[in-house]
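Working notes, structure below.
These numbers come from a predicted model, not from an experiment. Chain identifiers are assigned alphabetically (A, B, ...) following the order of the sequence lines, protein sequences preceding nucleic acid strands; residue numbering begins at 1 within each chain.
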Amino acid sequence: MGGYPLDLVRSEVVDLLREFTRSRFGTSDYPIVFKIAPPGMGDLCIPLHPVARACNCSVDDLGREFVEFFEECAKKGRVRFVRSVEFVRGFLNIWVNEREIARLLFKLVRDLGDSFGKPLDLKPMKILIEHTSANPIHPLHLGHGRNAVLGDTLARLLKFCGHEVRRHFYVNDCGLQVAYVAYGFKLLGSLEVPEGWKPDHYVGFVYAAVNCIVELLKLKKKLEELKNLGKEDEYRLTLKELDDWLGVAGELREKLPHVFDRLTELIKSDPNPEASIMEINRRYEAGDPEAVKLVRSICELCLRGFKETLAEIGIEFDSWDWESDIAVWSGAVRDVVKKLASLPFAVVKNGALTFRASEYLKCSGVSKVLGISDESEVPDVTLTRRDGTTLYVTRDVVYTMWKFRKFGVDKVINVISSEQRLAQLHLKILLHALGYSDYAKNTIHYSYEFVQLPGIRMSGRRGRYVTLDEVVNELRRRCLAEVNKRQPHLSNSEKENIARAVAKAALRYAFVCVSPSKVVTFDWSKVLDFSRNSGPFLQYSYARACGILRRVESIPDLESIQVPESMDPSERELIVKLCQFPDVVAEAERSLRVDVIADYANSLCLTFNTFYERVPVLQASEPQRIFRLGLVYVFKKVLGIVFDILGLEKLERI
RNA sequence: GGCCCCGUGGCCUAGCCUGGAAGGGCGGCGGCCUUCUAAGCCGCAGGUCCCGGGUUCAAAUCCCGGCGGGGCCGCCA
């Protein structure tokens, strides 16, 4: 007999319910939906209304009669995994047989070990997940943190489920923004990082400074023109914008006055900074050795910083994909542009090649494949600039094709913020237009909302962001203080190790526990709250289990544990909660939702802590003692699996 | 102007896909450390599920129309 404990519970009920309605009402053709019952109403429940409708009878009659039938079957020994059922106000409430499922749970955990909970009938796929992919022009901020944690956790989840997963970081080295930093460094004449600065932070500073200075010059020029033209309203608006950027300049200058002033001077003496920036971009795409050396060194500098930060929160990649290599220098983007240009939907607008997306959608009826409504208008896509350089979406088409071809993957998941929804739609439309409808269909935009700062929105161009480094460092500082209080006897390196792991857990959990579709407003007091529903709380619960197991000579053999006749409610609840794990994994995999894993982890720990406080384990008398030890062991095992999925470290002490 | 996401006790959040008994957490109040880590446990108070219609025996959930917040509609990425 296969299946996880609750699968067996469900199939037992389903079989009897269908058998009953077939003989009593002549039908068994209806869907049966199980839900987790509310507290005190059993373990699982089925709303019987739809069943009653299919049977053409009243819910009350159906419920009453089925309970009778069920109890008859139970008397005949036909029921094993269900303890009892009850009919209340339209619901069939089901109490599982905790002794039977406990035995099964022990056996499965023993046999399956670390793959307990893995879906049993899943078709494994090859999946490529692209995540984080921050532009290599400033340090990772909190928004990237959310992206990275979601992407990495998703990768861990899918890998656990049996899929073959690759994690890729797309290095965006071709855009104009990289040319901005490169311009700055070129003027400065050196890539040397000032004393006390992390490389990516310094790159971010130069990027923001160049942006700011160029913007100021542009606005001043515009103001003059508007003044001469006498356009008062626009003048006032522009003045306000100028004011905003002057504020930014003030903030930036404060950080590194020498560098900022020097850049200001150098940029001012350039008659046309923007043209110089475009020129760098053009040369880089063309593979000009000097431009290549400059841009690449800057990107490498920044990536070095990224890797350091990501390592702190347990994130690694299987591949770092350079946009320039894959899309531009290989000539692939040129070929794609040529192919797109030959389609009847391509037009030249002001010298730039443009793709008429809406018309393509209308003519070919692809909207269904891409899951968008027929009448929706989609803006045109600009494929190339007037100077012939390429644009992001066009290069992304090439990149996506590369992902599918090079690795033969079945599915590509792009973890990208919701503001790029349209770009991702354009990507899919272009793929389809090129004849790759499968690629279009199997490219998933895994969208998530912003992380906001109270009041302002983060802006790389303005140098306004809370970096991931700041948050991680502050978390670690707080954790270390706490560990010093709790575990004064440990060595410094042990304490630091714990603090590092707890800080990581706090951060990862904070990002993973909210659903991606919600905007998150960053709040120190929330991230630093280590009580229930936090990463540290989970680790604390784990350590408590370790504390018990550490004190016994050996872990009991799970298969031979005697399950006692009667249990404390907290033992029963723990068993049921542990048995829910496979359901949770299946749901998370189906809907690509890591937050349900986080939610489960928290709820499992709440249940365990109640058990921990209510019943003694080590002091218990013999039949109970072994049984409870088994429960603690299984809890530790399952929570450990959850930790692997969430990327939290399993600390024996905390 | 068009499109997308969000709106659940003072605050944060699950449930919405697949209609059926509103779950957590923070904060507040009151209890529990001579016994396995109190980052814990137990109890109490607190809710027009943004508003208005509709569908349904049944709506937080589905449909329509509003309101509020965020995002997108670039020869930026």
Checklist entry - Which letter, B, S or -, goes with each nucleotide of nucleotides 69-74 of chain B from 5' to 3', with contact meaning a protein heavy atom under 4.0 Å? => result -SSSS-

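Counting to the nearest Å, the C1' atom of B:rC76 and the NZ atom of A:K218 are 10 Å from each other. Atom CG in A:D523 sits about 14 Å away from atom P in B:rC11, given to the nearest Å. Per the geometry, CD belonging to A:E482 stands 11 Å off C1' belonging to B:rA38, to the nearest Å. Remark: P of B:rC36 and CG of A:L629 are 15 Å apart, rounded to the nearest angstrom. Whole-Å rounding puts the A:R544 CZ to B:rU35 C1' distance at 13 Å. Atom P of nucleotide B:rG25 and atom OH of A:Y509 are separated by 11 Å, given to the nearest angstrom. One can place CD of A:E86 at 16 Å from P of B:rA21, the figure rounded to the nearest angstrom.
Near RNA chain B, meaning a heavy atom under 4.0 Å from it, residues 588-605 of chain A has A:R590, A:R593, A:N602 in order of number.
Between the side chains of A:Y540 and A:R544, at least one donor N or O lies within less than 3.5 Å of an accepting N or O.
Ring planes of A:F345 and A:F355: tilted class, angle from 30 to 60°.
Across all their heavy atoms, A:E649 and A:A501 have their closest contact at OE1-CB, 3.5 Å.
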Can you tabulate the close N/O pairs, meaning under 3.5 Å, that link protein atoms to atoms of nucleotides 62-65 of chain B?
none

Pairs of donor and acceptor atoms involving the side chains of residues 274-281 of chain A, under 3.5 Å and at least two apart or interchain, shall be tabulated with distances.
from	atom 1	to	atom 2	distance (Å)
A:E274	OE2	A:K218	NZ	3.4
A:S276	OG	A:D270	OD2	2.7
A:S276	OG	A:N272	O	3.2
A:E279	OE1	A:R282	NE	3.4
A:E279	OE2	A:R282	NH2	3.2
A:E279	OE2	A:R283	NE	3.2
A:N281	OD1	A:R385	NH1	3.4
A:N281	ND2	A:C174	O	2.8

Please set out all donor-acceptor pairs under 3.5 angstrom arising from side-chain atoms of residues 623-635 of chain A, sequence neighbours excluded.
from	atom 1	to	atom 2	distance (Å)
A:R625	NE	A:L618	O	3.4
A:R628	NE	A:E571	OE2	3.0
A:R628	NH1	A:P616	O	2.8

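Among the protein residues, A:F537 comes within range of the sugar-phosphate backbone only, with heavy atoms under 4.0 Å from sugar or phosphate atoms but none that close to a base. Counting any heavy atom pair closer than 4.0 Å across all strands shown, A:S541 reaches no nucleic acid atom.
On a pure distance criterion of 3.5 Å, no polar donor-acceptor pair joins the side chain of A:N609 and the base of B:rA39.
Judged as a salt bridge (Lys or Arg N to Asp or Glu O under 4.0 Å), and not counting sequence neighbours, the contacts of A:D568 are A:R614.
Spacing of P atoms, B:rU8 relative to B:rU61, comes out at 14 Å, to the nearest Å.
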